[in-house]
Peer 1: 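First the structure, which I've put down as structure tokens, then a few questions once you've had a look.
The sequence lines fix the lettering, A, B, ..., with proteins before strands; numbering per chain opens at 1. Any value given below was found using the heavy atoms of this structure, including those in side chains, with hydrogens, waters and symmetry copies removed.
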Amino acid sequence: MSSRDAVLARIRAALVDVPADEAVDGPRPSEASPPRARVARDAVLPLLVEHLRDYRAVVHEVAPDELAGALAEALRRRGCKSVIVPPGTPVAWIAETDGIELLDDTTPLTVDRLDAADGTVTGCAVAIAETGTIVLDAGPGQGRRALTLVPDYHLCVVHAEDVVASVPEAFPRLDARRPLTWISGPSATSDIELDRVEGVHGPRTLEVLLVRPTPGR
Amino acid sequence: MSNGSAFLGLPAFPGAAREAVGNAQLRHNLRKATHTIRSKRAAVVGELDDWEELRAAGKAVKDHTLRHLDHYLVRLEEAVTAAGGHVHWAADADEANRIVTELVRATGGHDVVKVKSMATQEIGLNEALEAEGIRAYETDLAELIVQLGDDRPSHILVPAIHRNRSEIREIFLREMAAWGEPAPDDLTDEPRVLAEAARRHLRKRFLTAQVAVSGANFMVAETGTLVVVESEGNGRMCLTLPETLISVVGIEKVVPTWQDLAVFLQLLPRSSTGERMNPYTSMWTGVAPSDGPRNFHLVLLDNGRSRVLADEVGRQTLRCIRCSACLNVCPVYERAGGHAYGSVYPGPIGAILTPQLRGTTSELDASLPYASTLCGACYEVCPVAIDIPEVLVHLREQVVEGGGHRAERAAMKAAGWIFADPARLARVQRVAGRARRIVPRRLPGPGAAWTDTRDLPVPPEQSFRDWWAAERGRPTTPRSNP
Ligand code: SF4
């Protein structure tokens with residue numbers, strides 16, 4: 001008998017008390033109850049900002065026509081000389097980045113090249129207000145996972161329409177077949193006497209540009 | 001150093017606990033840690049007004065999955081395979097170690113980077129690899145401290161919590177050079193500086209690693225997706241940069257559907273680190289074109305789990321998502337420390353999981369079900385509502401049936417530090433005796449005769465936190481530590 005068959009046989013033997021006709025693949029409790037509206041719709045964006053900041057991300061709220069300027073300003077403030085731009089990044093985002101070298105990952109950059117870059121600019125698939133989380137799905141404008149891991153600085157553009165209130169609401173929007181990275185603040189450790197230290201192996205700075213639907217709100 | 005064999009020759013729980021109780025540094029560190037995390041947890045759990053429903057959903061999803069575990073494992077296997085991964089089945093620790101060793105050998109590599117994983121600690125993978133000339137590098141900061149210090153983990157979430165900053169500095173200065181990039185000469189004991197030293201020590205290794213070994217917090221049967229929850233980014237490094245990824249995962253980690261995962265991503269971070277969400281969660285399904293490892297192997301580990309499954313009372317133990325919340329509220333753990341439990345699973349969960357995985361034949365394992373006052377605090381905080389006191393009582397019964405009277409007597413006697421203070425014991429009993437809010441269950445089968453003659457543990461009416469605060473005469477806040 002293969003180990004596969006042996007393990008499955010042991011499991012089946014262990015479950016003799018379970019009626020043979022008990023339903024499998026029925027609705028799960030997690031699907032039966034609709035996503036809860038814990039957060040009022042107009043409170044979602046402020047909550048995202050509050051929770052991102054709570055976990056030490058730097059957040060700026062911008063109007064759509066301010067994005068290119070805010071993005072370039074963030075990179076300059078940080079002193080970035082070269083930043084990685086994933087394939088599929090909207091040209092409008094990077095329209096004002098003169099003087100900053102943009103590294104194109106269409107042909108994958110070597111790990112050393114990633115390591116030498118000053119940062120990475122990405123979009124995201126979903127952001128979750130209740131937890132202050134940004135989810136990347138390696139889609140256009142986000143790129144492969146290493147791009148937001150090796151450089152020490154991650155600048156992320158979040159559009160208001162991609163923000164959901166709660167964790168359960170994020171799942172239907174995400175495709176499990178894509179590699180997903182859920183990011184809630186910069187990397188951190190509390191392993192030494194529970195003192196929180198930001199930045200161990202991942203980017204030590206996470207900066208977010210939240211693009212509001214209408215200016216001046 | 002962190003496998004089961006490392007714990008061989010340890011004294012049984014009472015002896016090890018007595019030793020730990022006498023260690024002031026250890027007690028101070030543990031107290032600070034457990035109280036801090038406990039308060040953080042309470043704050044973020046309090047933010048969700050439907051926590052009890054989430055907890056019930058987590059329990060229900062896990063129970064359902066366990067009752068049809070064969071079905072969901074086969075679905076998982078199909079989905080992982082369809083996504084380009086390879087699935088291996090390991091009946092026990094030796095087989096899992098052999099599979100991983102052969103997979104590493106096939107790559108031609110002689111070292112692996114590791115993400116913190118309890119399953120690989122449980123099977124003693126690092127030592128098995130070392131015996132075959134393969135070096136495993138732990139990359140989680142706490143695991144690194146434990147590995148460099150040739151030590152054992154003492155807490156599920158913060159395994160090096162028994163070490164203070166100056167000890168960590170000394171370990172880094174003394175040992176890092178033998179494992180790779182040495183620590184800088186001017187290393188101070190500032191946590192920030194120590195974390196920076198770990199970053200530099202591991203940086204090159206991450207960027208050049210060919211093989212990584214991980215565990216997983218969850219696996220989704222429907223999609224074949226694996227999930228690793230972490231904080232530092234070492235997990236992402238291991239899961240993303242190497243060519244080959246080998247994940248060793250207990251068979252109980254599967255959940256049926258993608259949407260089910262939402263329940264656990266709400267329960268785990270809040271229960272574990274006391275955060276709304278941990279800094280990084282990685283999810284991957286087989287191999288992705290031009291992103292991450294090109295070879296992915298999933299090793300499904302039984303190693304005693306199917307035996308736990310067969311026990312209708314003990315089965316609930318397999319719902320555990322290893323959050324460590326039960327450790328942080330346990331008065332026994334706080335005094336005894338993680339090492340006293342003699343396995344990689346300390347605290348209340350260890351007291352019920354280890355004897356079931358390994359059997360109650362050794363004196364240590366037979367003493368574990370007694371490493372509890374049955375106060376019920378662990379049950380109250382458990383995000384999947386495992387009735388740990390119920391399982392403890394059930395296991396005590398087995399110990400007694402197995403001729404364990406001697407062990408029982410020994411455990412009770414040596415655990416005297418719990419019971420030495422008659423006033424405290426009386427208070428525990430009074431609280432337990434007053435709180436009859438939940439009707440005691442009658443254990444099924446042969447257990448019935450036993451429960452009929454004894455009081456079953458019931459959760460205290462007062463929350464444990466309140467009781468503890470009252471007992472200590474002051475509120476438990478993270479800043480109130482001595
Ligand atoms: S038994 Fe419950 S509280 Fe303890 S680690 Fe497991 S899930 Fe967490």
Peer 1: Below 4.5 Å, heavy atoms only, C-beta onward: do A/V111 and B/F206 meet side chain to side chain?
Peer 2: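 With C-beta onward as the side chain, the pair stays apart.
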Peer 1: At a heavy-atom separation under 4.5 Å, does B/A91 approach chain A through its side chain, its backbone, both, or neither?
Peer 2: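 Both backbone and side chain.
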Peer 1: Under a 4.5 Å heavy-atom cut-off, does chain A meet the side chain of B/L69, its backbone, both or neither?
Peer 2: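 B/L69 touches chain A through backbone and side-chain heavy atoms alike.
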Peer 1: Where on B/I168 is there a heavy atom nearer than 4.5 Å to chain A: the side chain, the backbone, both, or neither?
Peer 2: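 The side chain, not the backbone.
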Peer 1: Decide, yes or no, whether a salt bridge links B/R163 with A/E193 under the criterion of side-chain N to carboxylate O below 4.0 Å.
Peer 2: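 So B/R163 does not pair with A/E193 through a salt bridge.
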Peer 1: What are the two closest non-hydrogen atoms of A/V200 and B/A195, and how far apart are they?
Peer 2: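 Heavy-atom minimum between the residues: CG1-O, 4.3 Å.
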Peer 1: Using non-hydrogen atoms only, which part of B/R75 is less than 4.5 Å away from chain A: side chain, backbone, both, or neither?
Peer 2: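 When you check distances to chain A, only side chain atoms of B/R75 fall under 4.5 Å.
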Peer 1: Quick check on A/R41: does its CZ atom have over 12 non-hydrogen neighbours (other residues, nucleotides or ligands) under 6.0 Å away?
Peer 2: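 It does not: A/R41 CZ has 12 such atoms or fewer within range.
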Peer 1: Keeping the roles fixed (side chain from B/R199, backbone from A/G202), state whether a donor-acceptor pair exists under 3.5 Å.
Peer 2: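 Confirmed, B/R199 side chain pairs with A/G202 backbone.
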Peer 1: For the backbone of B/D291 and the side chain of A/R145, can you confirm whether one donor and one acceptor N or O come within less than 3.5 Å of each other?
Peer 2: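 The answer is yes, because a donor-acceptor pair under 3.5 Å joins these two groups.
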Peer 1: To the closest 0.5 Å, what do you measure between CG (A/D112) and OG1 (B/T208)?
Peer 2: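 Answer for the CG-OG1 pair, A/D112 versus B/T208, is 9.5 Å.
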Peer 1: Could you pull out the closest heavy-atom pair between A/A146 and B/L241, with the gap in Å?
Peer 2: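 Of all heavy-atom pairs spanning A/A146 and B/L241, the closest is CB-CD2, 3.8 Å.
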Peer 1: Between A/A188 and B/E232, which heavy-atom pair has the shortest distance, and what is it?
Peer 2: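 Minimum heavy-atom separation between A/A188 and B/E232: O-CG, 3.4 Å.
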Peer 1: Which bit of A/T148 comes within less than 4.5 Å of chain B, counting heavy atoms only: side chain, backbone, both or neither?
Peer 2: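 Both the backbone and the side chain of A/T148 come within 4.5 Å of chain B.
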Peer 1: Tell me whether A/Y55 contacts the main-chain N or O of B/R276 through its side chain, where contact means a donor paired with an acceptor under 3.5 Å.
Peer 2: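 Here the side-chain-to-backbone pair exists.
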Peer 1: Select, from A/I128, A/L206, A/D115, the one with the greatest count of heavy-atom pairs under 4.5 Å involving chain B.
Peer 2: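 Of A/I128, A/L206, A/D115, A/D115 has the most heavy-atom pairs under 4.5 Å with chain B.
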Peer 1: Between atom CG of A/L15 and atom CD of B/E312, what is the distance when rounded to the nearest 0.5 Å?
Peer 2: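 The distance works out to 9.5 Å.
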Peer 1: Would you mind checking which part of B/R315 comes under 4.5 Å of any heavy atom in chain A, side chain (CB onward), backbone (N, CA, C, O), both or neither?
Peer 2: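 When you check distances to chain A, only side chain atoms of B/R315 fall under 4.5 Å.
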Peer 1: Using a 4.5 Å cut-off on heavy atoms from C-beta on, say whether the side chain of B/V74 contacts that of A/L8.
Peer 2: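 Sidechains of B/V74 and A/L8: in contact.
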Peer 1: Under 4.5 Å between any side-chain heavy atoms of B/L265 and A/W182, yes or no?
Peer 2: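 They are in side-chain contact.
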Peer 1: Is A/R113 atom CZ crowded by more than 12 heavy atoms from other residues, nucleotides or ligands, each under 6.0 Å away?
Peer 2: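 Atom CZ in A/R113 is not crowded, with 12 or fewer foreign heavy atoms closer than 6.0 Å.
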Peer 1: Measuring heavy-atom distances to chain B, does A/T133 have an atom under 4.5 Å in its side chain, in its backbone, in both, or in neither?
Peer 2: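 Only the side chain of A/T133 comes within 4.5 Å of chain B.
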Peer 1: Which heavy-atom pair separates B/W258 from A/L174 by the least distance, and what is that distance?
Peer 2: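 Looking at all heavy atoms of both residues, the shortest contact is NE1-O, 3.4 Å.
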Peer 1: Most heavy-atom pairs under 4.5 angstrom with chain B, which of A/S2, A/P108, A/P203?
Peer 2: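 Of A/S2, A/P108, A/P203, A/P203 has the most heavy-atom pairs under 4.5 Å with chain B.
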Peer 1: Could you tell me which portion of B/D92 (side chain, backbone, both or neither) has an atom closer than 4.5 angstrom to a non-hydrogen atom of chain A?
Peer 2: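 When you check distances to chain A, no heavy atom of B/D92 falls under 4.5 Å.
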Peer 1: Measuring from A/T131:OG1 to B/R270:CZ, what's the distance to the nearest 0.5 Å?
Peer 2: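 That separation rounds to 7.5 Å.
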Peer 1: Verify side-chain contact (heavy atoms from CB on, under 4.5 Å) between A/I11 and B/S306, making sure each step is shown before the conclusion.
Peer 2: CA-CA 5 Å; A/I11 292 170; B/S306 53; 4.3 Å; yes
Peer 1: Is any side-chain heavy atom of B/W284 closer than 4.5 Å to a side-chain heavy atom of A/R178?
Peer 2: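 A side-chain contact is absent here, since even the closest heavy-atom pair is not under 4.5 Å.
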Peer 1: Please identify, among B/V158, B/T223, B/L141, the residue contributing the most non-hydrogen atom pairs under 4.5 Å to chain A.
Peer 2: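 Counting heavy-atom pairs under 4.5 Å, the top option is B/L141.
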Peer 1: Any non-hydrogen side-chain atom of A/E130 less than 4.5 Å from a side-chain atom of B/L48?
Peer 2: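 Side-chain contact under 4.5 Å: yes.
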Peer 1: Name the option with the most non-hydrogen atom pairs under 4.5 Å to chain B; the candidates are A/E198, A/R177, A/R12, A/R196.
Peer 2: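 Winner by heavy-atom pair count: A/R12.
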Peer 1: Select, from A/A14, A/A13, A/A170, the one with the greatest count of heavy-atom pairs under 4.5 Å involving chain B.
Peer 2: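 Greatest number of close heavy-atom pairs with chain B: A/A14.
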Peer 1: Given side chains that start at C-beta, do those of B/Y280 and A/S187 come closer than 4.5 Å, heavy atoms only?
Peer 2: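 A side-chain contact exists here, since the closest heavy-atom pair is under 4.5 Å.
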Peer 1: Between A/S184 and B/E275, does a side-chain hydrogen bond (donor to acceptor under 3.5 Å, both in side chains) hold up when you go through it step by step?
Peer 2: CA-CA 10 Å; A/S184 309; B/E275 292 169 306; over 6 Å; no
Peer 1: What is the minimum heavy-atom distance between B/D302 and A/R10, and which atoms define it?
Peer 2: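 Taking every non-hydrogen atom into account, OD2-NH1, 2.8 Å.
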Peer 1: Between B/L73, B/L300, B/T285, which residue shows the highest count of heavy-atom pairs closer than 4.5 Å to chain A?
Peer 2: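 Counting heavy-atom pairs under 4.5 Å, the top option is B/T285.
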Peer 1: Do side-chain atoms of B/Q259 reach the backbone of A/P168 as a donor and acceptor pair under 3.5 angstrom?
Peer 2: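 Checking the backbone N and O of A/P168 against the side chain of B/Q259, a donor-acceptor pair under 3.5 Å is found.
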Peer 1: Can you tell which of B/E77, B/E230, B/R305 has the highest number of heavy-atom pairs within less than 4.5 Å of chain A?
Peer 2: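 Going by pairs under 4.5 Å, I would pick B/E77.
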Peer 1: What part of A/D54 lies closer than 4.5 angstrom to a heavy atom of chain B: side chain, backbone, both or neither?
Peer 2: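 Side chain of A/D54 only, per the 4.5 Å heavy-atom cut-off to chain B.
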Peer 1: Which value, rounded to the nearest 0.5 Å, describes the distance between A/I192 atom CD1 and B/L194 atom CG?
Peer 2: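 Going from CD1 on A/I192 over to CG on B/L194, the span is 4.5 Å.
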Peer 1: Please find the pair of heavy atoms, one from B/K32 and one from A/L194, that lie closest to each other, and give the distance.
Peer 2: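 For B/K32 and A/L194, the tightest heavy-atom pair comes out as O-CD1, 4.2 Å.
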Peer 1: Where does B/I161 contact chain A at under 4.5 Å (heavy atoms): side chain, backbone, both or neither?
Peer 2: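 B/I161 touches chain A through side-chain heavy atoms alone.
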Peer 1: Tell me, for B/S290 versus chain A, whether the close heavy atoms (under 4.5 Å) come from the side chain, the backbone, both or neither.
Peer 2: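 For B/S290, the contact with chain A is made by the backbone alone.
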Peer 1: Got A/R204 and B/E196 here, is their nearest side-chain heavy-atom distance under 4.5 Å?
Peer 2: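 A/R204 vs B/E196: side chains touch.
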Peer 1: Can you find a pair of side-chain heavy atoms, one from A/V150 and one from B/R203, that are under 4.5 Å apart?
Peer 2: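 They are in contact (side-chain heavy atoms under 4.5 Å apart), so the answer is yes.
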Peer 1: Could you tell me which portion of B/T139 (side chain, backbone, both or neither) has an atom closer than 4.5 angstrom to a non-hydrogen atom of chain A?
Peer 2: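 Contact with chain A is through the backbone of B/T139 alone.
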Peer 1: Could you walk me through whether B/R236 and A/H201 pass the side-chain contact (heavy atoms from CB on, under 4.5 Å) check?
Peer 2: CA-CA 9 Å; B/R236 292 181 67 193; A/H201 305 295; over 6 Å; no
Peer 1: Measure B/A221 against the heavy atoms of chain A and call it side chain, backbone, both or neither at under 4.5 Å.
Peer 2: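 Nothing of B/A221, per the 4.5 Å heavy-atom cut-off to chain A.
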